[in-house]
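Note sheet for the following structure.
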Amino acid sequence: MTAVQAGISTREAEVLALLGEHLSNAEIAARLFISVRTVETHVSSMLRKLDAPDRRALAQLAVEWGRAARGGDVTLGLPAPVTSFVGRAQERAALAAAVTTHRQVSAVGPGGVGKTRLALAVAGDVAPEFPDGVWFVDLVPITDAAMVGATVAAAVGVGEQQGRGIDDTVISALADRRALLVLDNCEQVRDGVAPFLERLLAAAPKLTVLATSRARLMVPFERVHPIPPMSLTGDDDSDAVALFLDRAAAVGWPVAAEQREQVAEICRGLDGVALAIELAAARLPMLGLDGLSGVLADQLRVLTGGARADDRHRSVRAMLDWSVALLDPADRTLLHRIAVFVAPFTVDAAAQVAGATMDGLARLTEQSLLSATPAPGGMRYRTLATIRQCGLEQLAASGELDGVRAEQLRWCLAIATGLAQDPKPGAGPWRARFDDVADDMRAVLGWAVTAADHRGDAYALAVALANLAFTRNLIGEAQLRYEQAAALTGDPYAAGAALRQAAAVAGCRMRGDDMYRLYYAAAETARSAGDDAGTARDLATAAATVYRFSGTFAELPPAGEAAALLAEAQELAGDDPAASAAVALAECGVLSDTAEADLSEAVKRAERAVDLARTSGDPLAHSAALDALAAVQCWAGDTFATAASSRQRVDLLAKVPAAPAAALERTNALSEAAESSVGVGDLAAARRWGEQLRDLPLLAERGDFATSRLLLADALAGNAEGVLAACGRFRDAWGLSGGLHTPTLATAAAAVAMIHGLRGDETARAEWLGIVDELDVAPELKAGYSRVFDALVLLHEGRAGEAFALLATEPDEMSEWAIWVWRHWYLAVRAEAAALSGQPDARDQIAAARPIVAGNPIASAHLDRAEALLDNDSSRVLAAAAAFEAAGSRYQRARTLVLAGGDHAKQGGAALTDLGLTPGTP
């Protein structure tokens with residue numbers, strides 16, 4: 001079957017192809033400039049059209065179709081060469097054999113010898129051996145060893161996941177893939193490549209790595225494969241001569257047969273070094289072979305000597321020096337200045353940083369000293385690594401390097417300002433603009449932090465890069481840059497602000513330990529400035545973090561430490577509104593976490609925290625205080641109040657400008673608002689908040705958390721199609737996370753299991769219940785939702801007695817965090833189970849539940865249906881069906897018709913079938 005035969009639309013085919021690249025729905029949406037919801041719709045449609053069980057099956061189908069369409073080609077991750085590959089048949093075969101035999105092969109040789117081109121050719125040759133993909137990673141733009149993992153992740157197409165670093169994310173993504181990773185130009189960041197590869201290869205047993213480097217990487221598994229210069233044997237038939245002839249023809253200067261011996265002499269003088277040969281061939285139109293031979297003889301005579309390996313380096317350097325010497329002074333200066341760019345650059349960028357003109361860049365391109373590639377924003381130019389290195393050396397020798405770097409720094413700051421002011425930050429075009437300049441920003445920042453005269457600009461660029469990285473969803477780098485900015489400024493207030501931003505980003509990454517550390521560091525910075533109120537605010541916030549985000553800590557602080565921070569904050573806060581609000585919030589956690597904690601006092605503390613936060617005028621503090629209030633309302637069993645407080649948070653945050661702290665608060669608020677809306681039977685609101693949570697860019701790589709609340713709402717509504725479409729993203733993301741123990745996700749997994757139960761698929765249900773167990777939820781904490789879901793399946797199967805027995809425990813006997821928002825559902829389903837199983841106290845159960853669930857349309861409909869069935873009142877049973885439909889519960893509406901019997905039962909069975917569920921048993 002083909003995509004056309006399956007009825008797949010053009011847009012669906014595009015989505016399917018990107019599924020085959022293992023992209024998340026958010027990444028697919030960004031790539032195609034459509035919404036995540038649209039992606040979900042296409043995925044759902046294809047699951048149905050292709051009769052695929054889940055998203056993984058779709059992805060595998062995409063790979064198979066794509067491979068068939070390309071005739072088995074799996075090299076889409078490799079850049080297309082702009083010139084033909086010449087010669088090296090033996091070296092190519094030998095390196096290919098090494099790559100298919102060993103886990104990690106390092107192609108080692110001097111600069112300019114042709115390592116990259118050979119590696120690319122070999123990667124293409126062996127690609128069929130690696131069905132899960134071949135990726136090329138160019139490390140030339142990287143100047144920071146810590147960015148190696150991020151660069152690999154970008155090439156592979158994965159982003160950082162909250163709760164783990166980018167290195168861990170990419171390692172997890174590649175863990176079970178039979179794939180080839182080509183790492184090019186490792187020598188400049190060898191200190192970052194080596195430890196990354198050690199971890200990667202240990203965790204990914206099917207992965208193979210081909211690295212190019214000027215020196216071995218010194219890692220386990222490494223197989224060093226020396227790359228020699230082009231072969232000179234055979235004189236005028238050698239590989240070196242063949243390369244020269246090919247490049248000479250490309251510049252319109254074919255060499256006659258009788259001149260080949262002269263070409264061979266030139267190639268011998270250049271030691272067969274590929275880059276030197278290509279540069280020499282590019283000069284033929286100006287000098288001809290005689291002129292080329294004469295100039296080379298003088299240059300190489302001056303620079304010969306030493307070991308043979310050094311000769312090869314000198315040959316390249318001689319060729320470069322000679323090529324540069326032939327330029328007019330203005331072009332020579334330009335070539336040196338543009339060497340500061342580590343990534344492809346535009347004419348405009350080169351003009352601002354290096355004083356370039358279009359004509360100057362064109363002349364350098366004609367001399368093969370630059371490469372030019374058409375791009376959406378115009379032509380982009382790039383210097384080869386070896387030429388760039390020589391240019392930087394010349395700039396340093398002439399004393400111009402700092403001046404050109406300073407111009408580049410000013411250019412980067414201006415670009416950063418423009419990106420920050422873009423009306424659509426984070427959108428596809430914005431992302432492309434940022435990606436084009438990010439490596440140069442990082443490189444010039446690395447220079448600026450060592451330049452005393454530019455420390456202020458370094459701080460400004462670090463903050464700007466942090467903000468932009470966060471918008472780009474590079475949250476690990478955002479935290480790193482904020483911390484870097486804090487270290488670069490001598491202003492304690494600026495440092496404190498950067499540290500608080502870093503702490504908020506750490507929260508977005510689900511790293512509670514870092515949040516705690518950074519808020520404490522901010523407090524110490526405020527203390528050094530004599531700012532008592534600021535110290536109190538940050539100490540209290542650190543203490544509150546221990547309670548608000550306890551699930552994100554790898555290891556909680558020692559007992560009593562948060563209380564000690566609070567005590568100090570209380571002494572320092574004075575009457576400062578922000579500090580007082582922060583202290584009140586911390587008291588909600590610290591003072592309620594004691595054996596003698598009193599509920600009524602906890603409510604008063606939370607209400608006081610809300611009042612103080614509102615008075616402070618800070619919407620984020622107000623939201624945090626409402627979170628504390630919702631928690632204590634849940635403790636009190638007031639589900640409606642909990643939902644109201646959670647919804648108030650969402651409304652409050654709707655207009656807060658995007659920033660790390662706001663993103664953290666909004667994510668938390670949407671999650672809790674969606675779940676608490678389920679608790680009061682408002683499935684429409686739960687779905688609305690769940691969709692907003694799903695579409696947050698921050699959660700692009702955490703599809704499990706992003707879809708968790710939407711899965712819950714859809715499952716309870718009986719939207720099996722939606723659940724099956726989204727649960728693949730949940731499972732894939734959780735799998736890529738390494739199977740993190742995340743109890744907050746277990747409710748969604750249990751909801752998916754319930755849908756499979758209603759579908760009669762016990763195998764799939766068992767698989768998802770296994771995921772619930774792996775999410776590391778204590779039995780007493782999942783007692784509420786898991787019993788409700790299991791009871792609903794039992795009732796669907798006509799096993800009401802078993803359902804009633806499962807719900808025998810009184811809610812008040814359960815932990816408040818187990819019954820949480822499930823009190824209404826628990827009581828309503830139990831009362832119905834009692835009625836359907838003929839329990840003598842069924843009417844008492846119904847009557848006892850009514851005042852508690854009053855106002856919850858779904859729970860009330862359950863009770864109405866149960867009582868109508870006891871009374872054998874068909875009109876009231878049908879009224880309950882209408883009530884379920886009005887509340888958005890299509891499953892319960894159809895189930896009610898089945899229970900009504902007669903012709904209604906047939907109608908209900910058909911409705912259940914339309915939902916993708918089994919007809920069930922009355």
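Identified under the ring pair (Phe, Tyr, Trp, His ring centres under 6.0 Å) test for residues 467-488, with sequence neighbours left out: none. For residues 192-204, the pairs satisfying salt bridge (Lys or Arg N to Asp or Glu O under 4.0 Å) are D168-R199, with sequence neighbours left out. Listed by first and then second residue, the salt bridge (Lys or Arg N to Asp or Glu O under 4.0 Å) pairs that reach into residues 407-421 are E407-R410, sequence neighbours excluded. Among residue pairs with one or both ends in residues 362-384, none qualify as ring pair (Phe, Tyr, Trp, His ring centres under 6.0 Å); sequence neighbours excluded. Applying the salt bridge (Lys or Arg N to Asp or Glu O under 4.0 Å) definition to pairs two or more places apart or across chains, those involving residues 371-386 are D138-R382, R380-D436. Sorted by first and then second residue, the pairs that involve residues 330-343 and meet salt bridge (Lys or Arg N to Asp or Glu O under 4.0 Å), not counting sequence neighbours, are D331-R363, R337-E400.
Counting heavy atoms from C-beta outward, Q104 and L210 have side chains that stay 4.5 Å or more apart. Residues L461 and C412 form a side-chain contact, since some pair of their non-hydrogen atoms from C-beta on lies under 4.5 Å apart. Put simply, the side chain of P220 does not reach to within 4.5 Å of the side chain of E222, judged on heavy atoms. Contact annotation: the side chain of C186 never approaches that of T212 to less than 4.5 Å [non-hydrogen atoms, C-beta and beyond]. Within the 4.5 Å cutoff, the side chain of F136 has no heavy atoms near those of the L183 side chain. Residues F85 and L118 form a side-chain contact, since some pair of their non-hydrogen atoms from C-beta on lies under 4.5 Å apart.
Panel note: side chain S172, backbone T169; no donor-acceptor pair is recorded below 3.5 Å. Proximity of a side-chain donor or acceptor of S398 to a complementary backbone N or O of L395 within less than 3.5 Å is detected. Looking at S213, its side chain never comes within 3.5 Å of a backbone N or O of R216 through a donor-acceptor pair. Panel note: side chain D440, backbone V342; a donor-acceptor pair is recorded below 3.5 Å. D184 contributes no side-chain N or O that, together with a main-chain N or O of V137, makes up a donor-acceptor pair within less than 3.5 Å. Listed for the T471 side chain is a donor-acceptor partner under 3.5 Å among the backbone atoms of N467. Of the possible donor and acceptor atoms, none in the side chain of S106 sits under 3.5 Å from a partner among the backbone N and O of V108. Looking only at distances, no side-chain donor or acceptor of R388 sits under 3.5 Å from a matching main-chain atom of T383.
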Please list every donor-acceptor pair under 3.5 Å in which a side-chain atom of residues 413-422 meets a protein atom from a residue at least two apart or in another chain.
unit_1 : atom_1 : unit_2 : atom_2 : d
T417   : OG1    : L413   : O      : 3.0
D422   : OD1    : K424   : N      : 2.7
D422   : OD2    : R433   : NH1    : 2.7

Result block: side-chain N/O donor-acceptor pairs under 3.5 angstrom for residues 147-158, not counting sequence neighbours:
unit_1 : atom_1 : unit_2 : atom_2 : d
T151   : OG1    : M147   : O      : 2.8

Working for side-chain contact (heavy atoms from CB on, under 4.5 Å), residues L445 and Q484: CA-CA 10 Å; L445 178 58; Q484 187 178 32; 3.3 Å; yes
Would L468 and W430 count as a side-chain contact (heavy atoms from CB on, under 4.5 Å) here? Give the steps. CA-CA 10 Å; L468 296 172; W430 184 97; 3.6 Å; yes
Quick one: do H454 and W447 satisfy side-chain contact (heavy atoms from CB on, under 4.5 Å)? Show the steps, please. CA-CA 9 Å; H454 296 282; W447 166 81; 3.4 Å; yes
Output, in order, the C-alpha distance, side-chain angles, deciding distance and verdict of side-chain contact (heavy atoms from CB on, under 4.5 Å) for R442 and L465. CA-CA 8 Å; R442 293 163 183 143; L465 185 52; 3.9 Å; yes
In sequence, state the C-alpha distance, the side-chain angles, and the governing distance for R517 and E483, and then conclude on salt bridge (Lys or Arg N to Asp or Glu O under 4.0 Å). CA-CA 12 Å; R517 169 181 64 82; E483 292 194 54; 3.3 Å; yes
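Checking R509 against Q479 by side-chain atom types alone, a donor-acceptor pair falls below 3.5 Å.
Taking D167 as the reference, nothing meets the side-chain hydrogen bond (donor to acceptor under 3.5 Å, both in side chains) condition, with sequence neighbours excluded. Take F341 and apply the ring-ring contact (aromatic ring centres under 6.0 Å, His included) test, not counting sequence neighbours, and it matches F345, W411. Every side-chain contact (heavy atoms from CB on, under 4.5 Å) that D435 has, sequence neighbours left out, goes to R472. Qualifying side-chain contact (heavy atoms from CB on, under 4.5 Å) partners for R103, counting only residues two or more places apart in sequence or in other chains: L201, F221.
Atom CG in L207 sits 6.0 Å away from atom CG in L181 (nearest 0.5 Å). Atom CE of M510 and atom CD1 of I475 lie 8.5 Å apart (nearest 0.5 Å). The distance from atom CZ of R481 to atom CD of E477, rounded to the nearest 0.5 Å, is 4.5 Å. Y459 OH to L488 CG: the interatomic distance, rounded to the nearest 0.5 Å, is 9.5 Å. If you take NZ on K115 and CG on N185, they are separated by 7.0 Å, rounding to the nearest 0.5 Å. Distance check: T667 OG1 to L696 CG gives 5.0 Å after rounding to the nearest 0.5 Å.
Ionic pairing of D402 and R405 is not present here: no N-O contact between side-chain nitrogen and carboxylate oxygen is shorter than 4.0 angstrom.
Contact between V273 and P229 at its shortest, heavy atoms only, is N-CB, 4.2 Å.
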